[in-house]
Amino acid sequence: MSVKDDGRGTDTRVDEQGRVVKKPVMATKDLRFFDLPEVERLPDGHPRRGMSVVAVLSEWLIHTNRRLNGSWSQRYEHGVPVTGLEPVEADGTTGTCVRFLPDKVLRSRWSLSAGDLARWSEHWPDLTVRLEDQRDGGGRSGR
């Protein structure tokens with residue numbers, strides 16, 4: 001699965017030693033959403049928790065971050081970073097792309113359909129959703 005936006009990208013800076021560091025959104029719980037009784041609910045009724053939950057529930061996750069001052073990618077496995085920030089070639093865009101493979105247990109219990117995406121995307125009118133089924137024998141797509 002992948003989720004992509006065209007925002008400014010995840011906060012990334014150069015530290016005092018000249019190393020590129022980014023906000024650890026994939027490896028730490030988002031305190032804006034954890035343990036708050038009034039936390040926003042997602043369309044499926046579950047509380048919003050942040051990207052670290054997606055990372056930990058994924059066999060692998062690749063976070064690609066494009067900013068005006070550079071672009072980087074980092075890989076996680078079950079929520080743990082397994083690479084550092086690796087530079088990627090600039091393509092003239094900004095934003096974040098998160099590609100991930102949900103854990104096998106989750107994949108075996110739940111199957112996403114074009115109808116599911118259409119129903120959930122109604123909650124965010126500015127969101128464009130595209131489903132490209134790339135599983136074996138796939139090829140279905142929906143919007």
To the nearest 0.5 Å, how far apart are [atom1] in [X] and [atom2] in [Y]?
X	Y	atom1	atom2	answer
Trp60	Phe100	CH2	CZ	9.0 Å
Ser71	Asn65	OG	CG	7.5 Å
Asp103	Ser58	CG	OG	8.0 Å
Thr94	Arg67	OG1	CZ	9.0 Å
Thr64	Lys4	OG1	NZ	9.5 Å

Counting heavy atoms not belonging to [X], are there more than 12 under 6.0 Å from its [atom1]?
X	atom1	result
Arg75	CZ	yes
Glu89	CD	no
Asp6	CG	no

message: Under the criterion side-chain contact (heavy atoms from CB on, under 4.5 Å), I'd like the reasoning laid out for Leu68 against Arg8: C-alpha separation, chi angles, the key distance, then a yes or no.
response: CA-CA 8 Å; Leu68 294 175; Arg8 68 179 184 269; over 6 Å; no

message: Let's go through Met1 and Arg99 carefully: what are the C-alpha distance in whole Å and the side-chain angles of both, what is the deciding distance for side-chain contact (heavy atoms from CB on, under 4.5 Å) to 0.1 Å, and is it a yes or a no?
response: CA-CA 6 Å; Met1 300 185 87; Arg99 294 182 55 230; over 6 Å; no

field: Where Leu85 and Val20 come nearest, the two heavy atoms and their spacing
entry: CD1-O, 3.5 Å

query: What are the two closest heavy atoms between Gly84 and Gln74, and how far apart are they?
result: O-CG, 3.7 Å

Please tell me whether [X] and [Y] are part of a single hydrophobic cluster in this structure, the criterion being side-chain heavy atoms less than 4.5 Å apart.
X	Y	answer
Ile62	Leu101	yes
Val3	Leu61	yes
Val82	Trp72	no

query: Is the backbone of Thr96 close enough, under 3.5 Å, to the side chain of Asp5 for a donor and an acceptor to pair up by distance?
result: yes

